[in-house]
Amino acid sequence: MMFETKRGTRDAYGETLAELGYHDPRIVVLTADLAGSTKTSDFASAHPDRFYNMGVAEANMIGTAAGLALSGFRPFVSTFAMFATGKVWEQIRQVVAYPKTPVRIVATHAGLTVGEDGASHQMLEDIANMRVLPNMSVIVPSDAVEAAGAIRFVAKHDEGPVYVRLARAAFPVIHDGDQAFEFGKAEILAQGTDVTIAACGLMVSVALEARDELSSDGISAEVINVSTIKPLDRETLLASARKTGVVVTVEEHQIINGLGSAICELLSEELPTPVVRVGVDDRFGQSGNAEELLAHYGLDVSGLVAATKQALMRIVT
Amino acid sequence: MDMQALQAKANQLRGDVLKIVTTAKSGHPGGALGMADLLTALYYKYLRHDPRNPQWEDRDRFVLSNGHTCPILYAILADQGYFDRDELWSFRKLGAMLQGHPSTAWKIPGVEACSGSLGNGLSVALGMAMGAKLAKRDSRIYCFVSDGELQEGQPWEAATAAAHHRVDNLCMMIDWNGCQIDGRVADVMNVGDLAGKFRAFGWNVHEIDGHDYGQIMNAYVSFLAARGSGKPTAIAAHTLLGKGVSFMEDVPKWHHGFLSKEQMEQAFADLGLGSPSA
């Protein structure tokens, strides 16, 4: 399966947010000197009175967003994932997660595909940092269409805080334009019987391509897009694991405490199933272009195919 | 309330603070006693709020950033009818509403923000102040911080942003008592001339004696008059940790702790209150 169109999840975010701003006067947007890179500049141009550049001071930005939420506004906070979930984890815990303040943290530049900037900016621990926090929801859109849907959802989600993980790179577009994002629902993109591949973000398109390759070897893979990592769609994942009996998880994140860990936690308690986690294995990233990096860390189609075959061999032996 | 009445009220609230921490056998009375005068003036004279309608949209808001001093806030909120006074005696107990640090998660009426991890509150207050301006509400936001807390970096980010965004409906009070858990602020990590620092950050600064009601009232009135100036206000208040209790005043170890029966008798006598058991 080859995807013809590519589009940045951050581009979809910027466009959607600016559009939502016309209909919802409660939306306010904050960034820390990264309006252009996070595409919140679209909102800034359209709604300058509701856009705040907070300078290179992320900790204060989180608190300010919480204060705006407590005043009845619907704040979106955007910077790179490294800063949004790493530098300010304590602020998020104290004034966003604990009081269940509906702050929308939408971070761009997550994962290895940041590319040339290297390890300092390649955030591979953000899902871990956010999913451990009580009250926090975690969404990782698989393409620009789903990103737009997710942003429409979180804009109206006043029940608590949400973290949305976006990227710098353009992602293959795998959804049709009219497909909606469904919060808390894992999406079975392709049915299969031999192995379940559960993926998030950019890795969903990689999983779909890997499925084609596996299919030519006579292996039937079920591909699931787990775009809501918290709360996890237990039913869909358990049903698929019950059917195939082996699960491969793949994410552009540390294999510790990300999607793979979340699925291992579920399966070990509810339905012990062999699992192979594909991701970055307890290492930091490095400079390079995005595609080279993905291949180097085993996050390309051939890496995923090899890992999936290994997983199948494990259950045979 | 006139000055004498405010002063008497502050001492009554100091007595409540001591009873709260001594009943709990846990808590932070020192800073709370030092802040009592500024907070009494705020809550009984200047803050526009409604204890019967804590979520009144146009209310002024108060954020206690140095959240460990919350016994004084809880004493005030109970006295003003936000909740039943009996709640004060379950402070810090399992399942009790009055958590060890202020919490909106526990829906404490009158508490506006979760605090306790130092450095967060001024940012939240800034957001509230910006929100009030954006919503065109004539709401003023007050925030207490402490001198030790200003060793954190985040309040200085907030200080820069408040001046940049011309947030003149924000008033920060600094509990400048020179004490922190490990000893004197000057010895642990000297914060220097806080009044000068905030002036340099572009704030209106009033450096006052935090126990002199004339100066306290002048400072609050100056803040109210600063609306339209485009500048946030800092009240840098020199205070005494443990103010009003002879054996606690300016003794850093009273940052936290509770009192013996004899100490309670002495403290209540110092404050001109009746018996602590009454």
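Lettering follows sequence order; numbering is per chain, from 1.
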Is it the case that atom [atom1] in [X] sees more than 12 heavy atoms from other parts of the structure closer than 6.0 Å?
| X | atom1 | answer |
| --- | --- | --- |
| A/Arg131 | CZ | yes |
| B/Arg92 | CZ | yes |
| A/Lys100 | NZ | no |
| A/Glu269 | CD | no |
| A/Lys87 | NZ | no |
| A/Lys156 | NZ | no |

Pick one of side chain, backbone, both or neither for [X], based on which atoms fall under 4.5 Å of a heavy atom in chain B.
| X | value |
| --- | --- |
| A/Ala65 | neither |
| A/Tyr98 | both |
| A/Val28 | side chain |

TODO: Determine whether B/Leu126 and A/Met54 make a side-chain contact, defined as any pair of heavy atoms from C-beta on separated by less than 4.5 Å.
DONE: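 They are in side-chain contact.
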Open item on the list: With a 4.5 Å cut-off on side-chain heavy atoms, are B/Ser123 and A/Gln91 touching?
Closed with: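 No - every pair of side-chain heavy atoms lies 4.5 Å or more apart.
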Task: Donor-acceptor under 3.5 Å (B/Arg61 side chain, A/Ser71 main chain) - done: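 A pair under 3.5 Å: no.
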Open item on the list: Looking at every heavy atom in both A/Pro99 and B/Thr104, which two are closest together, and how far apart are they?
Closed with: CB-OG1, 3.2 Å
Open item on the list: Give me the atom names and distance for the closest heavy-atom approach of B/Val124 to A/Ala66.
Closed with: CG2-CB, 4.5 Å
Tell me, side chain or backbone of [X] under 4.5 Å from chain A's heavy atoms, or both, or neither?
| X | value |
| --- | --- |
| B/Trp156 | neither |
| B/Ser117 | both |
| B/Glu112 | backbone |

Open item on the list: The test is side-chain contact (heavy atoms from CB on, under 4.5 Å); show your working for B/Met128 and A/Leu70 and say whether it passes.
Closed with: CA-CA 7 Å; B/Met128 290 174 173; A/Leu70 292 169; 3.6 Å; yes
TODO: Hey, could you give me the CE/OH distance between B/Met130 and A/Tyr52, rounded to the nearest 0.5 Å?
DONE: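 Atom-to-atom, B/Met130:CE and A/Tyr52:OH are 4.5 Å apart.
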Open item on the list: Let's test your reading of the structure: which of A/Thr64, A/Asn60, A/Asn135 forms the most heavy-atom pairs below 4.5 Å with chain B?
Closed with: A/Asn60
